[in-house]
Amino acid sequence: MSSQADQSAPASRYDFAALEAKWRPYWDELGLYRTGNDPAKPKKYILDFFPYPSGEGLSVGHCRNYVPTDVISRYYRMRNFNVLHPIGWDAFGLPAENAAIKLKTNPAKLIAKYSANYKRQMNLIAASYDWDREINSSSPEYYRWTQWIFLLLYHSWYDRRRDQARPITELEAELERSGTQELKLPAEVPALTSTQWRAMSLAERRRYLSNFRLAYRAASAVNWDPVEKTVLANEEVIDGRGWRSGALVERKTLQQWFFRITAYAERLLADLDTIDWPESIKAMQRNWIGRSEGAEVTFKTTAGDLVIFTTRPDTLWGATFMVLAPEHPFVPQLTTAAQRSHVAAYVAAAKEKSEQTRTAETRDKTGVFTGSYALNPVNQEQIPIWIADYVLLEYGTGAIMAVPAHDQRDFEFARKFDLPIRIVIEPPGQTLRPEDMTEAWPHEGVMVNSAHFDGTPASEAVSKVIAWLEQTGKGSGRVLYKMRDWLISRQRYWGTPIPIVHTEAFGEVPVAPENLPVLLPEVPNYEPTETGESPLAAIDSFVNVTLPDGTPGRRETDTMGTFACSSWYFLRFASPREDQAPFDRQAVNYWLPIDLYVGGAEHAVMHLLYSRFWTKVLYDRGLVPFVEPFKKLRNQGMLLSYDNQKMSKSRGNVITPDAVAAVHGVDALRVYILFMGPFEAETKWEEAGVKGASRFLQRFWALARDLATATFVEPSGEREREFRRMLHATIKRVTHDLEDFAFNTAIAALMELLNFFYDCRRGQTVVGVTAGLWREGLEVFTRLLSPIAPFLAEEVWQEMLGHRGECVQRLPWLEYDEAALAVAEINVVIQVNGKLRGQLTVPVAIDEERLKQAALASTQIKKFVEGKAIKKVIVVPRKLVNIVVG
RNA sequence: GCCGGGGUGGUGAAAUUGGUAGACGCGCUGGACUCAAAAUCCAGUGGGAGCAAUCCCUUGCGGGUUCGAGUCCCGCCCCCGGCACCA
């Protein structure tokens, strides 16, 4: 499209490229996108998910995220809110590092290049970010504070009595005073007296305290991604594969850093009920947290007390055998000489199988008898102990009681190995017989064969048994979660260094906050190793340090996974240049929590869970006054390419905003993105759809162009009332639809208004309304369009409607006038037996009786009513009359 | 299997609390303009019957509630997303 307009005749199409070139610098100069800071105004914080700049740049799929939030931001600016709409770069992480290795360059350089391109594209689509607040998580000014929060977690412990994180110094004081006796200790942490505590060396104390810290280092079986050459968090493993690399993960036991997110399981679950998020994301988080209520019960064995967890303590009398995970620590001791070779072979085979194959292969039960027996505490019965890989060491206690009558897995196992099946639960009034069963009966029912509990109904069974277990010391009620602690260390270069130094004398020593940041060294070689050791370990100048007191130490060489960076970045935007703290408290108090957070659904249990966790820790430690960071979350639907496939470079079907904007203009791109379907629905890109959006804008532009030459005839009061009514109805619809995230119907409303304008025209002549009202109509349209198609709106407003120098987006949002919406007459539908048979135009204020009479008198319904008895007439004022005949 | 979300024309989709199903767009058909095309404008467009007025059918399937159901209830089928030997 050229900007040289034909001088003689009026142009037939508008030159979108010229408008874009003209208005972009104008808005920049005006500071239109700068964050509002008028303390008298209310605020809106509207945020897009922290993007990861990649070499591929943005596709139109990203626009489905950025355009709607931009429209909402512009809308709230016009509604006179202070709007914070920032953007930054989630810059650390594997993709940039891998790309840099491949291209033999530095990841920082690549990120700079990629993010510059993202910025260019974001500006292209007129996303109204405040670039003064741009942040980059890989800059020392930023990651310094990621390290600071790491240390905050390190110096915090979770007090289960108060359900709150507290400073570790308070725990030390309590241990000094009274040991662990008053603490609600987690089962896996050994109790301690104050005397024992005082006798401990500094290193021993540090080791003991790591049982409590919210950031701790521990040896654990972890997910090793052999392609990325690093460990991954559980949340990053999808179907047994690394979420980015797609490689099958391997089990490795390594010393790793974790965040104790499990301490917050209950709060992370409960607070989901307080936030406005898509149900699917909440469901995924609930599912991930995986809460189960049940009981722990102790069975005596020759290797010691064997604790099991069950959600069905009411079936304890039906336990006919026990099953341990092959890795369970009791296995060697429980295995009898006769069984030794079988057990050893089974354990070895289980070890060979990855998590993947263990679950992917058939669910056929396998297992082997240990030769030992356990004592069922409820009936003093000796039951055989087996091992089988369907029991997982990581969940519960790694051991179960098997109740084949009432659990399908145990049933299959019992049938396969010919173990007894005993029924202890029955449906009321029915009898079950083991020999008749083809599957377990896992439902709730009446207890039978359960000593003095026989006859206990389902509604009371579980709670009564738990109470009895607690009274008799055989067990206790317990809540279990599937969620594991968050593994944060990565054996890679391009991440936030973990601010810890390891020493011989004192164990791990945290870096003092005033010595942050621990800088990531700039080095030419940073390729990952095969050994599970970070490439930083090979850099002596980084590793070897001397503490202020002269103690030699070795720096922690793992870096943090990028989800640490993105777990607090939304706080940083409130005061992005703050250099005394991660954020300015006042600024955070004003801007947070986020009013609207938009991004893809793929972060359901990663970023969105981690951020909630960090926010709760910050809340507990008094740094923020809210417990949930994202009040309202929306996920944009996926945008498939024209071939119904996901857009990807390898398929060659990526559509870029650059290409669309070049052909149709940015406004048309934006209109189509918004109009293509409901915001949250998956949709397919249709080139013809952009043409439709473009046509809509053209049609509006042509009306504005013709304003100067139009003639106005036959003004009529009635027609003008109708015209005004349309204007106000459209203001109302667009306003409500934008508030509801219903961009497609907001645009449909504008299209209807435009069609109405065209109905008022006969060629260049406008019929029924005055020039003044016609102009008002165009002005209303322009203002409603301005957040959606800002370039055309600005052009029409300033150049064609004669408001030069007045930025249309600086005007307040239009209010609708209820009075103008009023109509004198309305259509009412006449139904006979619920079927549409006629219509009636009646005064809006008609009373019910008259409406009924008018309907009955209507000739349209005569033939449906004639000769039949009228049984009933339903009158719904302003809507319909339904005549029921028999 | 469990959890969440869906199923409406040729097509993307609309439809406050149950109250004219298919707004708006795309596509298609016809017309105007043009030497012609593109663009634009005007008219039509759920399916079926009929010259017509008009009538019948229609929101995945089967029941139900109701004067009235896309919407509520019960039972199915199918699609998408997530989780899954979690005791």
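Naming convention: chains lettered A, B, ... in sequence-line order (proteins, then strands); numbering from 1 in each chain. None of these values were measured; they are calculated from a predicted model.
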### Task
Output the single nucleotide from B:rA87, B:rC85, B:rC42 whose closest atom is nearest the side chain of A:Tyr758.
B:rC42
### Task
Considering only atom P, compute the distance from B:rC67 to B:rG6 and round it to an integer number of Å.
29 Å
### Message
Does atom NZ (A:Lys646) have a neighbourhood of more than 12 heavy atoms from anything else shown, all under 6.0 Å?
### Response
no
### Message
Give me the distance, rounded to whole Å, that separates B:rA49 from B:rC74 when you measure between the C1' atoms they each carry.
### Response
36 Å
#### Entry: Mutual orientation of the aromatic rings belonging to A:Tyr610 and A:Trp486 [parallel < 30°, tilted 30-60°, perpendicular > 60°]
parallel
### Message
Go nucleotide by nucleotide along RNA chain B from the 5' end; which of A:Glu279 and A:Ile874 gets its closest nucleotide reached first?
### Response
A:Glu279
#### Entry: Spacing of the C1' atoms in B:rA14 and B:rC35 (rounded, Å)
44 Å
### Query
At under 4.0 Å between heavy atoms, what does A:Lys835 touch on the DNA or RNA strands: base, sugar-phosphate, or nothing?
sugar-phosphate
### Atom-pair distance (OH on A:Tyr390; C1' on B:rC85), nearest Å
8 Å
### Message
Using a 4.0 Å heavy-atom cut-off to protein, can you give one letter per nucleotide of nucleotides 20-25 of chain B, 5' to 3': B if the base is in contact, S if only the sugar-phosphate is, - if neither?
### Response
B--BBS
### Query
Considering every strand shown, what is the Watson-Crick or G-U wobble mate of B:rU40 when both distances are under 3.5 Å?
B:rA32
### Task
Send over the distance from A:Lys482 NZ to B:rC2 P, rounded to a whole Å.
14 Å
#### Entry: Cation-pi, A:Tyr390 ring and A:Lys365 (6.0 angstrom, 45 degrees)
yes
### Query
Quick one: A:Tyr481 OH to B:rC83 P, roughly how many Å, whole number?
21 Å
### Query
A:Pro278 near the nucleic acid: base, sugar-phosphate alone, or nothing, with a heavy-atom cut-off under 4.0 Å?
nothing
#### Entry: Inter-nucleotide C1' distance (B:rC57, B:rG70), Å rounded
16 Å
#### Entry: Polar side-chain contact A:Lys365-B:rC85 base: donor and acceptor under 3.5 Å
yes
### Summary
Paired to B:rA14 by Watson-Crick or G-U wobble criteria (both distances under 3.5 Å) is none
### Summary
pair_partner(B:rU45), Watson-Crick or wobble, both distances < 3.5 Å, evaluates to B:rG27
## Note on the structure
Here the distance between atom C1' of B:rG82 and atom CD of A:Glu602, to the nearest Å, is 13 Å
### Query
What about A:Asn287, does its side chain sit under 3.5 Å from the base of B:rC83 through a donor-acceptor pair?
no
### Selection from B:rC83, B:rG4, B:rA87 that lies nearest to any side-chain heavy atom of A:Thr311
B:rA87
### Task
With the side chain counted from C-beta on, respond yes when A:Pro68 and A:Leu674 share a heavy-atom pair under 4.5 Å apart, and no when they do not.
yes
## Note on the structure
Here the distance between atom P of B:rG82 and atom CD of A:Glu236, to the nearest Å, is 17 Å
### Task
In whole angstrom, give me the gap between the P atoms of B:rA37 and B:rA32.
11 Å
### Task
Rounded to whole angstrom, note down the P distance from B:rC76 over to B:rG27.
44 Å
### Query
To the nearest Å, how far apart are A:Arg878 CZ and B:rU16 C1'?
14 Å
### Within the 6.0 Å centroid threshold, strictly below: A:Phe743 and A:Phe741
yes
### Message
With a 6.0 Å cut-off on the ring centroids, do A:Tyr672 and A:Trp685 count as close?
### Response
yes
### Query
Given the C1' atoms of B:rG30 and B:rC24, what is the spacing between them in whole Å?
23 Å
### Task
Between B:rU59 and B:rU11, how far apart are the P atoms? Round to whole Å, please.
16 Å
### Query
Do the rings of A:Phe417 and A:Phe413 sit parallel, tilted or perpendicular, given the 30° and 60° boundaries?
tilted
### Message
Any base atoms under 4.0 Å from A:Arg484, or only sugar-phosphate, or nothing? Heavy atoms, all strands.
### Response
nothing
#### Entry: Separation of B:rC26 C1' from A:Glu686 CD (nearest whole Å)
8 Å
## Note on the structure
Partner of B:rG75 under the Watson-Crick or G-U wobble criteria, both distances under 3.5 Å, comes out as B:rC61
### Task
Enter syn or anti for the glycosidic conformation of B:rG68, syn applying to angles within 90° of 0.
anti
### Query
Taking a pair as Watson-Crick or G-U wobble with both distances under 3.5 Å, which nucleotide is matched to B:rG4?
B:rC80
### Query
Does any non-hydrogen side-chain atom of A:Thr320 lie less than 4.5 Å from one of A:Pro404?
yes
### Task
Check the pair A:Leu306, A:Leu324 against side chain to side chain contact (heavy atoms under 4.5 Å, CB included), reporting the backbone distance first and the verdict last.
CA-CA 10 Å; A:Leu306 181 62; A:Leu324 305 191; 3.6 Å; yes
### Message
Does A:Lys691 have more than 12 heavy atoms from other residues, nucleotides or ligands lying within 6.0 Å of its NZ?
### Response
no
### Query
A:Lys691 side chain N/O closer than 4.0 Å to the phosphate oxygens (OP1, OP2) of B:rA38?
no
### Query
In whole Å, what is the span from the CH2 atom of A:Trp386 to the P atom of B:rA87?
23 Å
